[in-house]
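The structure appears right after this line, and notes come after that.
Numbers restart at 1 for each chain; the letters A, B, ... are given by sequence-line order, proteins then strands.
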Protein chains: 2
Amino acid sequence: MKAGPDIAIVAALVGDPARSNMLTALMTGRALTASELAYQAGVTPQTASSHLAKLEAGRLVEQEKQGRHRYYRLSDPDVAAVLEGLEGLAARAGHMRVRTGPKDPALRHARVCYDHLAGDLGVQMLDSMKKQRLVRQRKQDIELTAEGERFLTDSLQISADALSHPRRPLCRACLDWSERRHHLAGTLGAAILTRFTELKWAMRDAAPGSRVVNFTRNGEKRFAALFGEIE
Amino acid sequence: MKAGPDIAIVAALVGDPARSNMLTALMTGRALTASELAYQAGVTPQTASSHLAKLEAGRLVEQEKQGRHRYYRLSDPDVAAVLEGLEGLAARAGHMRVRTGPKDPALRHARVCYDHLAGDLGVQMLDSMKKQRLVRQRKQDIELTAEGERFLTDSLQISADALSHPRRPLCRACLDWSERRHHLAGTLGAAILTRFTELKWAMRDAAPGSRVVNFTRNGEKRFAALFGEIE
DNA sequence: CCAACGCTTCGGCTATTGTCGAAATATGAA
DNA sequence: TTCATATTTCGACAATAGCCGAAGCGTTGG
């Protein structure tokens with residue numbers, strides 16, 4: 001009756017504050033160096049080193065060496081998905097870190113959730129796509145419509161067919177912890193955020209570990225034109 | 001940059017062996033008493049009591065008092081989903097509890113994953129439904145076809161329309177940790193397993209905390225007739 | 001070549017948390 | 001009413017794991 005995977009080992013890896021801070025920093029989807037992760041976690045480099053070794057042994061992160069630098073990233077989107085789920089449980093249980101600083105509203109407005117847009121704007125985008133019948137959502141199933149494919153091609157020069165990926169869905173509903181509603185994940189969600197960046201509508205906060213997405217004035221206008229409030 | 005949910009708190013709750021054993025035991029979808037959970041976790045009742053208080057404070061479980069008995073269950077399917085995800089990560093990282101006893105093959109053959117069928121038979125069922133075009137799966141998106149609705153009504157007396165649920169999808173692909181492929185979750189997956197039980201094709205192992213599903217001889221035949229190997 | 005920097009390894013310390021014995025309270029059955 | 005059982009609470013103990021200083025190794029740039 002105790003057969004099966006031992007979730008305690010994995011969860012204990014995430015359950016340490018220093019390690020969870022590192023994993024959260026990696027939810028930006030960026031690779032960060034050991035030093036940057038040490039800073040994010042608020043520990044010394046030697047402490048971070050031993051933590052990272054554990055995360056790597058547990059297959060939660062993987063590393064790539066560049067000269068003297070060690071870059072770490074999440075092993076794959078499955079890890080990010082579990083971390084998202086944990087974020088939802090933590091938010092629901094009220095385990096929020098109270099930092100009502102200037103960054104908090106920005107984080108709620110628009111932020112990266114691994115590789116796709118989240119926050120107020122992320123939720124608004126999915127809502128708008130549903131109202132425009134670009135996607136169909138039944139509960140947590142999201143499907144791109146033919147009209148949606150044309151929209152993506154015409155307005156954003158994104159080809160849905162090119163987003164095929166053996167292990168990730170095109171569309172996935174991701175529960176937004178700040179809005180408590182869904183935003184769009186999957187390869188399409190990632191492609192859209194990438195396109196926003198290419199078009200210079202939005203850019204990521206440059207601070208390592210920051211998840212904030214800053215839209216330009218023009219970007220906000222373009223975003224509103226495509227995904228604004230629709231009756 | 002440390003704003004947002006504090007996943008360390010939730011993960012640390014899962015990361016203790018005694019507590020993770022309890023949560024795993026509750027993945028059967030059944031409510032268990034504090035004593036039964038203490039037994040599953042291999043600790044004394046007083047230790048279990050303090051653990052359960054923590055899990056309840058963390059909103060991972062909820063309790064219902066019946067006389068002298070306290071029944072605990074997982075708070076909701078979101079908790080189960082995160083635990084499933086952790087199981088997948090643990091299995092991938094090779095954190096398997098080596099108990100190659102008589103129960104292990106049974107667990108791999110057919111078991112409950114919260115409320116739907118998993119294991120070899122669970123994976124086979126989804127495969128067959130795909131080959132018979134009862135469902136369409138593109139990566140992790142699963143959609144019931146019109147033919148599938150008729151099949152469910154005719155063969156199992158299950159009405160897909162009656163499975164509507166505000167917070168759960170009809171179909172969800174759940175990665176099976178023993179088969180490393182998908183089985184069917186969601187309200188439909190749950191309804192199918194329930195129907196097998198009603199039809200007396202299958203029954204759950206009566207031991208508290210056991211996830212094994214035992215098919216009868218007749219049940220195996222009926223299951224094979226509906227979901228057997230199809231070319 | 002030398003100095004600076006990134007990262008790892010080693011060893012010792014300490015705080016935290018899980019554990020159980022003991023005791024108390026509530027419920028159910030005879 | 002009494003006894004058995006389920007569960008909770010309290011207090012003490014011990015083991016573990018995270019922490020950092022010190023030292024070492026590898027890489028980079030001047």
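At the heavy-atom level, B:Tyr72 lies under 4.0 Å from the strands shown only through sugar-phosphate atoms. Looking at heavy-atom distances under 4.0 Å, B:Thr33 makes contact with sugar-phosphate atoms alone, never a base.
Checking the phosphate oxygens (OP1, OP2) of D:dC20, a side-chain nitrogen or oxygen of A:Thr44 falls inside 4.0 Å. Phosphate contact (OP1/OP2 of D:dT7, side-chain N/O of B:Ser49, threshold under 4.0 Å): absent.
Checked by atom type and distance alone, the side chain of A:Ser20 never pairs as donor or acceptor with a backbone atom of A:Gly15 at under 3.5 Å. Judged by distance alone, with hydrogens and angles left aside, the side-chain atoms of B:Arg92 form a donor-acceptor pair with the main-chain N or O of A:Arg59 at under 3.5 Å. Between the side chain of B:Thr187 and the main chain of B:Leu163, a donor-acceptor pair closer than 3.5 Å is present. Checked by atom type and distance alone, the side chain of B:Thr216 pairs as donor or acceptor with a backbone atom of B:Trp201 at under 3.5 Å.
Contact detail for A:Glu84 and A:Arg172: the closest heavy-atom pair is OE1-NH2, 3.3 Å.
Only one option out of A:Gln63, A:Arg30, A:Glu64 pairs with A:Arg73 in a side chain to side chain contact (heavy atoms under 4.5 Å, CB included); it is A:Glu64.
Remark: P of D:dC19 and CE of A:Met22 are 8 Å apart, rounded to the nearest angstrom. At whole-Å resolution of the value, NE2 in A:His69 and P in D:dG29 are 9 Å apart. For the pair B:Glu36 CD and D:dT5 P, the computed distance is 16 Å after rounding to whole Å. One atom, CZ of A:Arg70, and another, P of D:dC25, lie 16 Å apart when rounded to the nearest Å. If you measure from atom CG of B:Leu52 to atom C1' of D:dA6, you get 13 Å, rounded to the nearest angstrom. The CG-C1' distance, from B:Leu37 to D:dT7, rounds to 13 Å in whole Å.
Two residues, A:His51 and B:Ser50, neighbour DNA chain D, and the one matched to the more 5' nucleotide by heavy-atom proximity is B:Ser50. When each of A:Thr47 and B:Ala34 is assigned the nucleotide of DNA chain D with its nearest heavy atom, B:Ala34 is the one assigned upstream, toward the 5' end.
Relative orientation of the A:Phe215 and A:Phe196 rings is perpendicular, given thresholds of 30° and 60° on the angle between their planes.
If you walk DNA chain C from 5' to 3' and mark each nucleotide with an atom closer than 4.0 Å to a heavy atom of chain A, the marks span C:dC5 to C:dT9.
Comparing atom distances between the A:Arg68 side chain and each of D:dG26, D:dT9, D:dT7 picks out D:dG26 as nearest. Across D:dG21, D:dT27, D:dT8, the shortest atom-to-atom separation from the side chain of A:Gln46 is found for D:dG21.
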